[in-house]
Amino acid sequence: MEKAFSSFLLIVLLLLHYVLASSAMTQTNNTTDQMALLSLKSQIISDPFHFLDESWSSATYVCHWVGVTCGSRYQRVKYLNLSNMALSGRIPRDFGNLTFLVSLNLGSNNFHGNLPQEMAHLCRLKFLRLSFNSFSGKVPSWFGFLYLLQIRLIGFIPLSLLNASRLESLELSSNSLQGNIPEGIGNLHNMSWLSIQDNQLTGSIPLSVFNFSRIETIAFTGNSLSGNLPNGLCNGLPILIGLYLSKNNLHGRMPTNLSNCSKLRILSLSYNEFDGAIHSEIGRLSNLQELYLGFNHFKGEIPKEISNLIELEVLDLSTNSFSGSLDMEIFNISGLRGVSLGDNNLSGSLPPNMCSIIPNIEELYLDSLTNLVGTIPQSISNCSKLTILELSDNKLTGLIPHSLGYLTHLQYLNLGANSLTSDSSLSFLTSLTNCQNLTVLSLSFNPLNHMLPDSMGNLSISLRILDANKCKIKGRIPNEVGNLSSLLFLDLSGNNLVGSIPTSIGNLRNLQRFNLNDNKLTGFIGPNICKMQRFGDIYLGQNQLSGSLPNCLGNITPLREIHLGSNKLSSNIPPSLGNLQDLVFLDLSTNNMVGSLPAEIGNLKAITKMDLSMNQFSNGIPRKIGGLQNLVHLSLRHNNLQGSIPDSVSNMKLQNLKYFNISVNKLYGEIPSGGPFKNLSSQFFIYNEALCGSFRFSVPPCPTSLKHRSNRNKFLFLFLLLGIALVVVTSTFIFFWIRYRRGKSALQQADSLFAITRERISYYELIQATDEFSESKLIGFGCFGLVYKGVLRKL
């Protein structure tokens, strides 16, 4: 008994020793992990959201730190997830001490530099996500131990990566990879996920890619891959679930034997160059949920076998050359949520029972079909889950149904470019006020022929786009339009609207594009328009608006385009327009605007087109226009501008200038012939006061260029000064010399000289004396003529 008790006591002591030793070892190893992570923290130079500042502290147990998960047995760091934290820094060498680390996710940060070689000590690491960072250097050899790799790379796919035979998941999307996919990628025979999307890869897809017997996802979307897809593509892909090859340059026919990919759920081949017909065997992909074949060159009829795809949820066949009748029965699939058939050669009409055929439809795109006729059925309201209805650019007729108002989930409605009509009160608009999720409403190019109802102000508060251009709408714009405070785009152009712009328009503080062009609006452009500080484009041309241009317009700094031509505006151009540094288009033509062109228009550095023609602007062309380096088109024709063309306009800074029309003004002086004027038409300069220059401008030649005239004036001035000085000096010298020589015989000499000068000399004698005014006899010239030396023979 005593012996047994002693044995028991010994066992208890040994267990106690083991527990204490294990506890001490765990504490020591835990400290190692803590020090490694604190070393990482010390290398992080930016932690804008303070994820680590507040959590990673020696005062807190390391297993409780943000992003850290420890194993339950040894309490060592097993998982580290710091993704999407906006961290910036490097990985230190001490990071290699996290020897129990199995999964590391640093994706979507700004880590940079090389991966330290010490990370090779992470022998338990199986999952590594480093994508969307800025790491550099070569791919480390220890990547070969990984099962999952997600990293950001630049250049070519490194061949060393192909030795990572344990890899099960490789994610290299959204990098700058180029070149071909290496043939050796087939060595990664354990691969279940391969994604190299949104890069710059070229060449064909290696056949070895289609022999991964364990692969479930192949994704090469968004590259420049070319070539055909092999027939029998699915023979070596028995468990493939997703094939993503959209947005490449692949061509040829759709491969046969796709039915061997019996587990395929997603097939995406859109935005390529595929052609030919779709095989009927497509109907044997019984697990297919999403089929994307849009933006190719497929032709023929849509195979009826598509109706066998009982799991299908999304079907995109848009922008191809499919022909035949629009048979909605093909899409009699209860789970179908999205159908896109737009831009094909299909004909037919919308059947009254359409919504019983596709009762769960959420997105329906039937735009730009060759011959879609008939009416929109009232039963459209039975498609109660519809969020997107796209029926534009067809030949639909009849009344727009009120039942659209029952589609309470509707977000996008485009009925544009049809021949749809409405009753006299446009009551369908009133019904649409029930669609409080509506963000886009387009009715353009339909003959609605009536006035906008006040109820349009009750449309969805979420409405972003309202387009009703060229709808023959009459009457005034309802003041209630100001209730649509979320509008970004409002287009009522090309109608017969009258009256003034409602003052409530100033409530549309988010409006970016405002188009009321080509109506019959009158009144002033009031200061309320300036409350819309997010304006990008304003179109109010071809109306009858009068008064002045608001000074505050120059305070809407995001403005890029101003279209106010063909109105009755009669003010100056406010100098504040010079504040619009992003303005690229300015049209104030065909108004009654007056005054000088302000020098501030020379501050519009982004401007490409400026049309100020058909006004009454006066005085000169501002010199600062010569600094508008992006200017392509400038029209100042038919004004009252005076003076000459500024030298600054002819300089090489205006190298983009292609149109410069100053005809029908009062300008004079020389037309520059260099720089952008080399290729301008003579018609741009006709009907001015006194323009001159090169004969190709069909104007008289200038007597001298402005430059030569200036030099001549300077020369004449200097010559005049020298002539005056010479006359004064010579006269003074002669005066004193005569007084000295004459002396006492002055009277005798005077009599003798008088006798000589009294004698007449004929013109013939002067010619003989000067050898016919020979240059050899020329001794000087002055302000009044030339002086010759001659000898008279009679004397």
Side-chain angles (χ1 to χ4, degrees), residues 173 181 193-207 209-212 215-237 239-303 305-306 308-309 311-323 330-331 336-345 363 365:
S173 297
I181 302 172
W193 175 284
L194 175 60
S195 179
I196 316 180
Q197 301 185 91
D198 299 317
N199 282 280
Q200 301 165 25
L201 298 175
T202 55
S204 58
I205 302 173
L207 292 177
V209 167
F210 304 116
N211 287 315
F212 290 129
I215 203 158
E216 296 181 356
T217 299
I218 297 174
F220 295 140
T221 293
N223 284 284
S224 298
L225 298 170
S226 57
N228 299 339
L229 293 180
N231 285 323
L233 172 148
C234 285
N235 294 343
L237 303 171
I239 61 172
L240 186 68
I241 293 175
L243 180 60
Y244 303 85
L245 301 178
S246 294
K247 298 180 181 177
N248 280 287
N249 299 318
L250 300 170
H251 54 82
R253 305 296 178 92
M254 180 179 286
T256 57
N257 298 324
L258 281 177
S259 57
N260 290 338
C261 293
S262 58
K263 297 186 182 298
L264 194 65
R265 296 177 190 169
I266 300 173
L267 176 60
S268 181
L269 302 178
S270 56
Y271 292 94
N272 278 290
E273 304 294 330
F274 292 114
D275 55 24
I278 298 179
H279 307 301
S280 60
E281 69 161 348
I282 195 81
R284 295 165 60 187
L285 294 172
S286 56
N287 290 302
L288 199 64
Q289 297 175 0
E290 299 178 21
L291 177 60
Y292 301 95
L293 301 178
F295 291 87
N296 280 287
H297 306 292
F298 290 117
K299 57 186 179 181
E301 294 190 353
I302 298 173
E305 288 77 8
I306 283 180
N308 297 332
L309 303 177
E311 300 294 329
L312 196 63
E313 297 179 6
V314 178
L315 174 64
D316 180 8
L317 303 179
S318 63
T319 317
N320 280 284
S321 298
F322 291 113
S323 56
I330 295 176
F331 315 115
L336 200 58
R337 295 182 292 106
V339 174
S340 181
L341 303 176
D343 199 10
N344 278 290
N345 299 323
E363 300 181 9
Y365 298 87

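Positions are given from 1 along the sequence.
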Revision key, fill the gap. Value for CD (Gln197) from CG (Asn223), rounded to nearest 0.5 Å, stands at 8.5 Å
Review point. Going by atom types alone, do Thr256 and Asn231 pair a side-chain donor with an acceptor below 3.5 Å?
Key: yes
Exercise for review: Heavy atoms only: give me the nearest Trp193-Ile215 pair and the separation to one decimal.
Suggested key: N-CG1, 4.2 Å
Check your understanding: Any side-chain heavy atom of Tyr244 within less than 4.5 Å of one from Thr217?
Key -> yes
Practice item. Please examine the side chains of Cys261 and Leu243, heavy atoms only from C-beta on, and report whether any two atoms are closer than 4.5 Å. Key: no
Check your understanding: Hey, does Met254 have a side-chain heavy atom less than 4.5 Å from the side chain of Leu293?
Key -> yes
Revision key, fill the gap. Rounded to the nearest 0.5 Å, the OG1 atom of Thr319 sits from the NE2 atom of His297 at a distance of 11.0 Å
Exercise for review: Decide side-chain contact (heavy atoms from CB on, under 4.5 Å) for Glu281 and Leu258; before the verdict, give the C-alpha distance in whole Å, the side-chain angles of both, and the deciding distance to 0.1 Å.
Suggested key: CA-CA 7 Å; Glu281 69 161 348; Leu258 281 177; 4.2 Å; yes
Exercise for review: Could you go through the side-chain hydrogen bond (donor to acceptor under 3.5 Å, both in side chains) check for Asn260 and Asn235 one step at a time?
Suggested key: CA-CA 6 Å; Asn260 290 338; Asn235 294 343; 2.6 Å; yes
Study note, to complete from the structure: Between Asn257 and Cys234, the two heavy atoms sitting closest are O-CB, 3.6 Å
Check your understanding: To the nearest 0.5 Å, what is the distance between CG (Asn345) and CG (Asn320)?
Key -> 10.0 Å
**Study point:** Side chain Asn248, main chain Leu201, donor-acceptor under 3.5 Å
**Key:** no
**Study point:** Rounded distance (nearest 0.5 Å) linking atom CD of Glu216 with atom CD1 of Ile239
**Key:** 5.0 Å
Study note, to complete from the structure: Closest non-hydrogen contact found for Asn296 with Phe274 is OD1-N, 3.0 Å
Practice item. Please tell me if the side chains of Asp198 and Ser173 come closer than 4.5 Å, counting only heavy atoms from C-beta onward. Key: no
Check your understanding: Taking C-beta and beyond as the side chain, do Asn228 and His251 meet within less than 4.5 Å on heavy atoms?
Key -> yes
**Study point:** Minimal non-hydrogen separation, Leu225 against Thr202, with atom names
**Key:** CD2-O, 3.5 Å
**Study point:** Glu363 side, atom CD; Leu336 side, atom CG - distance, nearest 0.5 Å
**Key:** 11.0 Å
Point to revise | Among Leu288, Leu312, Leu285, the one residue meeting side-chain contact (heavy atoms from CB on, under 4.5 Å) with Ile306 | key: Leu312
Exercise for review: Report yes if the side chains of Leu267 and Glu290 come closer than 4.5 Å at any heavy-atom pair, otherwise no.
Suggested key: no
Check your understanding: Is there a side-chain contact between Ile205 and Leu229, using heavy atoms and a 4.5 Å cut-off?
Key -> yes
**Study point:** Separation between CG of Asp343 and OH of Tyr365, rounded to the nearest 0.5 Å
**Key:** 14.5 Å
Practice item. Can you establish whether the number of heavy atoms outside Arg337 located under 6.0 Å from its atom CZ is more than 12? Key: yes
Check your understanding: Does the side chain of Ser246 come under 3.5 Å of the side chain of Thr221 through a donor N or O and an acceptor N or O?
Key -> no
Review point. Run the side-chain contact (heavy atoms from CB on, under 4.5 Å) check on Phe212 and Leu240 step by step: do they pass?
Key: CA-CA 9 Å; Phe212 290 129; Leu240 186 68; over 6 Å; no
Check your understanding: Quick one: are Leu309 and Leu315 in side-chain contact, heavy atoms under 4.5 Å?
Key -> no
